[in-house]
Amino acid sequence: MIREVREEELDGLLDLYLHLHETEIPAHDEHLKKTWQTIINDPNYHIVVCEEDGKLISSCVCLVVPNLTRNVRPYVLIENVVTHRDYRGKGYATKCLEYAKKIAVENNCYKMMLMTGSKKPSTLKFYENAGYSSSDKTAFNLKLQEVHFDYR
């Protein structure tokens, strides 16, 4: 079943993220709780999940970004595309991306964007097969934890 995540599924989502790039589940502290509430209550923040036998097995984040260009039409950012390693290659992530596309169309978005850190040909082919192109844009990424400012 493809749908949006439910508020009570935080733990299942964090478990799934261990198959993305996370190495541990964050502490269930006030910062995590506040962040989760911000996400859950934001009408532009959609976490699409695929559930099988009561378990979250695939997901992607679909963020609708309001925009003042392109006839004041928003766009979508896709992030955190992940499938549990035991369920990969069965089309679950594709279904999540298709659901995200439905959200984009319903919100009159003019484009969808995603970036991947993967260089694996199979991952890049997966995104191409899902309709994404790497030839019309150039992406740059600045990791803020690596930036140091001197305000003296």
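Treat the numbers as computed from the prediction; the structure is a model and nothing was measured.
Residues in residues 24-34 take part in these side chain to side chain donor-acceptor pair (under 3.5 Å) pairs, two or more places apart or across chains: Asp11-His28. A salt bridge (Lys or Arg N to Asp or Glu O under 4.0 Å) check over residues 84-101, counting only residues at least two apart or in different chains, returns nothing. The list of salt bridge (Lys or Arg N to Asp or Glu O under 4.0 Å) pairs with a residue in residues 43-52, not counting sequence neighbours, reads Arg3-Glu51. Counting only residues at least two apart or on different chains, no salt bridge (Lys or Arg N to Asp or Glu O under 4.0 Å) pair has a member in residues 109-133. The stretch residues 61-84 participates, sequence neighbours left out, in these ring pair (Phe, Tyr, Trp, His ring centres under 6.0 Å) pairs: His19-His84, His84-Tyr87. Within the structure, salt bridge (Lys or Arg N to Asp or Glu O under 4.0 Å) pairs that include any residue of residues 57-82 do not occur (at least two apart or interchain).
As a member of the Ile/Leu/Val/Met/Phe/Trp/Tyr network built from side-chain separations under 4.5 Å, Phe140 groups with nothing else and remains a singleton. Grouping Ile, Leu, Val, Met, Phe, Trp and Tyr residues whose side-chain heavy atoms lie under 4.5 Å apart, directly or via other members, places Leu114 in a hydrophobic cluster with Ile2, Val48, Val64, Val76, Ile78, Val81, Leu97, Tyr99, Ile103, Met112, Phe126, Tyr127, Tyr132. Think of Leu124 as one node in a network of Ile, Leu, Val, Met, Phe, Trp and Tyr side chains linked at under 4.5 Å; it has no links at all.
By the side-chain hydrogen bond (donor to acceptor under 3.5 Å, both in side chains) test, Ser58 pairs with Thr83, sequence neighbours left out. Partners of Tyr110 according to the ring pair (Phe, Tyr, Trp, His ring centres under 6.0 Å) rule, which considers only residues two or more places apart in sequence or in another chain, do not exist here. Applying the ring pair (Phe, Tyr, Trp, His ring centres under 6.0 Å) test to His46 and every residue at least two apart in sequence or in another chain returns nothing.
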